[in-house]
Amino acid sequence: MTGAEGKSDSVTDPARLDPAQLDPAQLDVARLDPAQLDPAQLDPAELDAAGAEAELARLAQEIAAANRAYHQDDAPIISDAAYDALRQRNSAIEARFPALKRADSPNEKVGDAPAAGFGKVIHAAPMLSLENAFDEADVIDFAARVRKYLGLEPQATLALTAEPKIDGLSLSLRYEGGTLVQAATRGDGETGENVTDNARTIADIPQQLVGAPEILEVRGEVYMSHADFAALNARQSAAGGKTFANPRNAAAGSLRQLDAAVTRARPLRFFAYAWGVLSDPLSDTQSGSIARLNDLGFKTNPLTTLCRSTDELIAVYTAIAAQRATLGYDIDGVVYKVDSLDLQRRLGFRSTTPRWAIAHKFPAELAWTELLAIDIQVGRTGALSPVARLRPVTVGGVVVSNATLHNEDYIAGRNATGEPIRDGRDIRVGDWVEVYRAGDVIPKIRDVDPARRPAGAIPFVFPTLCPECGSQALRDAGDAVRRCTGGMVCPAQAVEKLKHFVSRAAFDIEGLGAKQIEMFFADPVLPIREPADIFTLAARDAAAIAKLENRDGFGEKSVKKLFQAIETKRIIQLDRLIFALGIRHVGESGSALLAAHYASWPAFEAAMTTAQVGEGAAWDALLAIDGIGPVVAASIVTTFHQPAERAAIDRLMAHLQVQDVAPRQIADTPVAGKTVVFTGTLERMTRAEAKARAEALGARVAGSVSAKTDLLIAGPGAGSKAKLAAELGVETIDEDAWLALIGSA
DNA sequence: GTGCCTCGAGTTCC
DNA sequence: CTCGAGGCAC
């Protein structure tokens, strides 16, 4: 439990410590009634506004001091439990007096709890994933998109690098003053695990660099060679240990050892291929930067090649594919990157992938096996999903026994628009089917062999009744999925909704995962059938004769921990709460939009209660939110008007204190919050690029001039828009003035 | 109306 | 990770 006992782990942020990992003995006092820590402190409920304001100021100061001591001085001044109590008290007061929430509120930095084992590391620059190309057409598309975005002349050369995509796990290494100070896994891209001790045991990773930038984050792939993998497995099986399915699993398993001595004994290797934050650029090109990393002492892949055309990219792909079997390590494709870092910067990023790179994947490994059965699963929204049960078969180093069959049409041999797939061949129980792993992860069925179809195999009949509750399962016209209409009556939907409620982006209750939800849902003594039941669990347990701590899999300690974890989530952020409700079409980002717009639960709840689908001011206000359309809006409003759903929400709310969301941070740029329009020919950048830049600076980019327009950027050839802007008195500037305004950096 | 782009939902194995 | 579909710009 890194850092949990207050040990000095310079990386674990105390703000991110998991309360459930703290010593329960300390917690009882600290958590259940923070005010008792100091009798002079009033319960948050008894504070008046002035008292609350002063108290928030004091807490902000104390928490900041504790953070400083922990981080900078490496000498904690208070126990983790006491620290936690301070934060808890701060949250409670903020929840009661949202208007008093300070700009420097310690809660602005609260994040997710870390998994047990390694400390968490927030990547200074996120570790992104790559878009995939599966054939030459995708590669040509990619190159064309890049050229279009940059506005390159047809005859202009676009240089790109091509390098093998190593099949291992990515790692980010941070060097300060030339010394390796931290190694972190990718994690979800935002937050990874601190594996510094283990990374130090890898020979390919230098501990010291000479002539490196002051701050340098090197990114690359940890992998294991085929020879080392075979030897390791031989050693493991000789010692009676378990063997690994493939080199990637072996590399991942070895790097994530809690005991660095074990990692040291594992023959891991490392190729550097990218970088994160750095204090000085390594070069002005991708290829130059890689060469520089090589000079600094990193292994870089020798097959990395600089190309000047799509044809050259494909040629390199073909050459690397031909060498694949003799490389001595696993690769799963070839990565192409725009060579000029200036162009990379101009291209920028979409939400999770850079626009300047793509991974050209090798064809997926395939395997034939027998389809034993088709089961139907019922999801949170009632969707009936067919799952193939397969005779276990090895595909790409992993044994697969289940695969998704998508939907009714997919089994029947049609796509969503009714056109035939697999030449119209349907899939039947007993068939031989071809399995692959999409993106090397998700098992799917690609084809079926009609020649091996057993006599008497009958077409699969997709159920029209829910297999879990017997309700009608209907399919809307134009919809690909069939849905159970049972709603809250359907046990499968109820369980899935509960799993969603406790999931990571929702209430994120430690110790109450999918498995525990299944168990509690079926529990005769202490059932959890709806979200409100979670918050009455401890009280019901106290009153019960058959107590939780006497069950299999639960002890006194784990029960206490669980109740503690539930207790802390009685205070919940508005966006998490909205997401947790599990309203169809309302996911993480929609919830954030709604929370930011309505700011408080009472405001949101009142608006949804008042609103009528398709009419009225409340409905119009909902639709006016950027990103909320009629389908999403109708889904929310309908949910709030269903008596059963509504009652369940009200029962839940009786147990919660909702933290209002802070008003959206307005970026500190000259164009933040402004609506701008581009017109005419832009000479220094393309339209798409200008738009992305403006949006990154907090501006809204519109297509046409109206009274709401704040600024028109007019290039040569501007016509009607410039005229209209003049009539409306909208400020109009040229491209150079615009670049000057935004500081072109 | 069409064509991006992004989000939501469902899914597997370790 | 991928597909389908919603939202929105053109």
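Each chain gets a letter, A, B and so on, in the order the sequences are listed, and its residues count up from 1. The basis for the numbers below is simple: all heavy atoms, side chains too, and nothing from hydrogens, waters or symmetry mates. Computed from a prediction, not measured in an experiment: that's the story for all the values here.
- At a threshold of 4.0 angstrom between heavy atoms, the contacts of A:Y410 with the nucleic acid are absent.
- For A:H585 and B:dA9, the NE2 to P distance is 7 Å, given to the nearest whole Å.
- For A:V387, the side-chain atoms get nearest to B:dT12 when compared with the rest of B:dC13, B:dG8, B:dT12.
- For CD of A:Q642, the number of neighbouring non-hydrogen atoms (other residues, nucleotides, ligands) closer than 6.0 Å is greater than 12.
- Every residue meeting the side-chain hydrogen bond (donor to acceptor under 3.5 Å, both in side chains) condition with A:T263, not counting sequence neighbours, appears here in chain and number order: A:N198.
- Contact annotation: A:R584 does not reach the phosphate of B:dA9 (side-chain N/O to OP1 or OP2, under 4.0 Å).
- Regarding contacts with the backbone of C:dC1, every side-chain N or O of A:N132 stays at 4.0 angstrom or more from both OP1 and OP2.
- As judged by a 4.0 angstrom heavy-atom cut-off over every strand, A:G253 is placed among residues making no nucleic acid contact.
- At the phosphate of B:dG10, OP1 or OP2 sits under 4.0 Å from a side-chain N or O atom of A:T381.
- Contact annotation for A:V481: no contact, since no heavy-atom pair falls under 4.0 Å across all strands.
- Taking the six-membered ring where tryptophan is involved, the planes of A:F501 and A:F507 are essentially parallel, since the angle between them stays under 30° and well short of 60°.
- Of all nucleotides listed (C:dA5, B:dG10, B:dC13), C:dA5 comes nearest to the side chain of A:A480.
- Between A:T404 and C:dT2 there is no side-chain polar atom (N or O) within less than 4.0 angstrom of OP1 or OP2.
- Minimum atom distance to the side chain of A:V632 is reached by C:dG6, of the listed C:dG6, B:dG10, B:dT12.
- Nearest to the side-chain atoms of A:A383 among the listed nucleotides C:dC3, B:dT12, B:dG10 stands B:dG10.
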Listed pairs, N/O of protein and of nucleotides 1-3 of chain B, under 3.5 Å:
none

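- Closest contact between the side chain of A:K444 and the listed nucleotides B:dG8, C:dG6, C:dC3 involves C:dC3.
- For A:Q377 and B:dT11, the shortest distance from a side-chain N or O to OP1 or OP2 is below 4.0 Å.
- For A:G379 and A:V400, each mapped to the nucleotide of DNA chain B holding its nearest heavy atom, the one lying further toward the 5' end belongs to A:G379.
- Counting any heavy atom pair closer than 4.0 Å across all strands shown, A:R380 reaches sugar-phosphate atoms only and no base atom.
- Between A:S589 and the phosphate of B:dT6, there is no side-chain N or O to OP1/OP2 separation shorter than 4.0 Å.
- Partners of A:A274 by side chain to side chain contact (heavy atoms under 4.5 Å, CB included), not counting sequence neighbours, listed by chain and number: A:R219, A:K337.
- Screening residues 384-409 of chain A for ring pair (Phe, Tyr, Trp, His ring centres under 6.0 Å), with sequence neighbours left out, gives A:H406-A:Y410.
- Comparing C:dC3, C:dG6, C:dC8 against the side chain of A:D626 picks out C:dC8 as the nearest.
- Shown here are the salt bridge (Lys or Arg N to Asp or Glu O under 4.0 Å) partners of A:E365, two or more places apart in sequence or in another chain: there are none.
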Less than 3.5 Å apart, which donor and acceptor atoms pair up between the side chains of residues 632-639 of chain A and the rest of the protein, not counting sequence neighbours?
residue, atom, partner, partner atom, Å
A:S635, OG, A:R584, O, 2.5
A:T638, OG1, A:A634, O, 2.5
A:T639, OG1, A:S635, O, 2.7

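- Across all strands shown, A:S401 has heavy atoms under 4.0 Å from sugar-phosphate atoms exclusively, and none from any base.
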